[in-house]
Amino acid sequence: MDITHELNPEQLKAVTKIDGAVLIIAGAGSGKTRVITFRIANMLNSGIPQSQILALTFTNKAAREMETRIKEMTARKLQNLSISTFHAFGVKLLRKYIHLLGWRENFSIYDETDKGQLIKDCGRELKFSDDNLNIYELSALFSQIKGGVKDWDKTTISYKTIFDEYQNNLKLYNAVDFDDLILLPIKLFQTHPEVLNEIKQQYKYIMVDEFQDTSLQQYYFLKKIADKNICVVGDDDQSIYSWRGANYENIKMFETDFPNCIEIKLEQNYRSTETILAAANGVISHNKMRKEKSLWSSNGSGKPIEIYIPVDDKEEAHFIADKILVERQELNLKYSDFGILVRTNHLIRTLEEALLNANIPYHISGGSSFFDRKEIKDVISYLRIFANPDDDINLLRIINTPRRGIGKRSIEIISELANKEKCTLYFAIKKLILSSGELEAEKKYNELKLFFEFINEQRKIFLSGKGIAKKVRKLMDEIKYFDYLLQEYSKNEKVARVKFMNIERLIQSIDEWENNPDTLDANLFTYLNRITLLSRDDGEEPDKGEVQILTIHAAKGLEFPVVFIAGVEDHIIPHARSVEENGGNVEEERRLFYVALTRAQQKLFLTSCQHRRHLKDIIECSPSPFIQEIPSELVTYHEPVIQTSQEQIADMFAKIRQKFNT
DNA sequence: GTGTTTACTTTTTTT
DNA sequence: AAGTAAACAC
């Protein structure tokens, strides 16, 4: 591998400077992924053992991609190379050391749904009236408090009791939330310096991708484990996760905390035409808080950016589908060369319909995940309980699903007991059965007793030996889950069948995972830990000749020859809620728009509807103010396509005529 | 006490 | 459009 010919001078510097602190500011499309992979390959080639390298990313997708690229490049097995997300790395540490903090090894990880449920329960327990509680807000607040972004103030202090209860219950249930996956390792390092030392000894070279998206806590975490060789790569203009605690000021902190750090700027864009880049630069230059940089491209000016103003979202989707067919012919492209980007998930629906009607193959990433489906959640909840029966949130989920005659009253009884004894529901059930006389238990608590015994039996089965997939199939039989589905969806057999298939898919994916040689330690715990972090785009491979539909957030790091950005309207981007929350500050939304623009290589279409269906009514829309920030000479406008409207009218008449005829 | 129907809200982005 | 909670029915 001759790297000197494949890289520009700045890239080369970034790849070869492997000792010390390095800050790489990598503009959009400047070959960042290339640099990272070359850099790691370079480290390996210069004799640094895999086990000393730790590469941290934000998404599983990014981690996977990095790994395959390095594999291709070095043609080696990468068994000891640690490439993972921050959260997954946190889990890895906690699996090993959490007992030092008072949890047990079989801890559960609570996702957003579990977290919300627990907060709700805590609020109810403390007699907060439900309608005053906004679970989403509380959930966000708790994260901010835990992450040290916010402190209690006049408006929030009244919720502190819920927060304390929440924290206590997490520990009681032997569970942690996403925030804890970063926080607890930090705590561990503080209380057990010998562990920190061990980690520092092991990972002598650390790389962080998308550094602008690190939260304050993640930064502290890094600072703790980084010895002297740390390389962070980021772009402040692409910081789009501040709502999750991301803080691009970390870039500045890095410069102060590592005063000897070398800063490398990658400013040549290899991705986009000059037109697209000029548009993006024009937009982002309106942001005040940013590191000065000048991205340039030598790819030629290309075609102008086209802006369409369709009458409504239906026409918008129709237009995009049409355009894909035309452009594919004219430019001789594959379907996978097209990306449709949207600000919010629900905008996807109409687009999906249009592509479906036009027979265009597509792939959606984002939206509700496979693991968010009710039937899948049910199965996983069972597994979670077998792993950790003290997990009350998941116990409540399955205690009467499928129905086993344990209703409201029974649950009240065990909840009260659990409260009184300060124990978990599982323990309360046990106590109730044991303390009541044989006969009484037999009659009154028979269902509870059966349930309790069922859990213990299954625990034994699932915690011993191999073959989780098979066991799950058996479990489904035993609890008669399919009968339950049929009964539950008796009005719509199709739905039941789809859910049935989903479970089969889940079982197959478990099977594949278990039998994959790359899976080191296949057991129930490792499986559960893995899938809670997986969520969104699980193992689906895109790029099989399918148009990609994604949210802008999900599109980060990707590129497409032709990009459509749909719904470029005021209140969507910048999103009304975001603007409201940030006190009128639109800089993050502008960065988001910037990310969207810079995904395009050759051609860019923006669409902005005049009307849009929202819930049940139709609302008027106006174009996003960001459109005006694009230098006007780069843009061609298209008036609404009247023909389609007339077509629609003709269509309507045709339908009416048909009605009269029948 | 349990199961079913009805009324009602709701999520911007994701590890 | 779907998921939840409260009201209602058994």
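Order of the sequence lines sets the chain letters (A, B, ...), proteins ahead of strands, with each chain counted from 1. Quantities reported herein were computed from a predicted structural model and do not represent experimental measurements.
As rounded to whole Å, 15 Å separates atom C1' of B:dG1 from atom CD1 of A:Ile414. Atom pair A:Ile109:CD1 and B:dT15:C1' shows a separation of 11 Å (rounding to whole Å applied). B:dT15 atom P lies 20 Å from atom CZ of A:Phe211, rounded to whole Å. Rounded to whole angstrom, the span from the NE2 atom of A:His571 across to the C1' atom of B:dT13 amounts to 18 Å. Rounded to whole angstrom, the span from the CG atom of A:Asp177 across to the C1' atom of B:dT15 amounts to 11 Å. Taking atom CD on A:Glu588 and atom P on B:dT12, their separation rounds to 15 Å, with Å as the unit. At whole-Å resolution of the value, CD in A:Gln212 and P in B:dT14 are 16 Å apart. Nucleotide C:dG3 holds its C1' atom 9 Å from the NZ atom of A:Lys120, rounded to whole Å.
We find that A:Lys556 and A:Glu210 are joined by a salt bridge, their nearest charged nitrogen and carboxylate oxygen being less than 4.0 Å apart.
The side chain of A:Ala554 sits closest to B:dT14 out of B:dT2, B:dT14, B:dG3. Minimum atom distance to the side chain of A:Arg349 is reached by C:dA1, of the listed C:dA1, B:dT4, B:dT15.
Heavy atoms of A:Asn400 sit under 4.0 angstrom from primed sugar atoms or phosphate atoms, though from no base atom. Within 4.0 Å of A:Phe58, counting heavy atoms only, lie sugar-phosphate atoms of the nucleic acid but no base atom.
B:dT15 has no stacking from A:Phe86 on its base ring, since the centres under 5.5 angstrom apart and planes within 30 degrees of parallel are not both found.
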Would A:Asp570 and A:Ser624 satisfy side-chain hydrogen bond (donor to acceptor under 3.5 Å, both in side chains), going step by step from the backbone distance to the final call?
CA-CA 4 Å; A:Asp570 200 13; A:Ser624 164; 5.9 Å; no
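Looking at residues two or more places apart in sequence or on another chain, you find a side-chain hydrogen bond (donor to acceptor under 3.5 Å, both in side chains) between A:Lys499 and A:Glu375. By the salt bridge (Lys or Arg N to Asp or Glu O under 4.0 Å) test, A:Glu588 is found to be paired with A:Arg591, residues two or more places apart in sequence or in another chain being considered.
Nearest-nucleotide positions on DNA chain B for A:Arg577 and A:Thr85 put A:Arg577 closer to the 5' end. Comparing A:Arg404 and A:Glu112 along DNA chain B, the residue whose closest nucleotide (by nearest heavy atom) sits nearer the 5' end is A:Arg404.
Between the base of B:dT12 and the side chain of A:His575 there is no donor-acceptor pair shorter than 3.5 Å. Side-chain atoms of A:Arg343 come within donor-acceptor range of the base of B:dT13, with a qualifying N/O pair under 3.5 Å.
At the phosphate of B:dT14, OP1 or OP2 sits under 4.0 Å from a side-chain N or O atom of A:Thr551. Contact between the side-chain N/O atoms of A:Ser410 and the OP1/OP2 oxygens of B:dT2 is found at a separation under 4.0 Å. In this structure, A:Tyr241 does not reach the B:dT13 phosphate: none of its side-chain N or O atoms is under 4.0 Å from OP1 or OP2. A:Asn345 has no side-chain polar atom (N or O) that falls below the 4.0 Å cut-off from OP1 or OP2 of B:dT12.
Separation of atoms NZ (A:Lys115) and CD1 (A:Ile135) is listed at 11.0 Å; rounding is to 0.5 Å.
Judged by a 6.0 Å distance limit and a 45° cone about the ring axis, A:Arg404 is positioned over the six-membered ring of A:Phe454.
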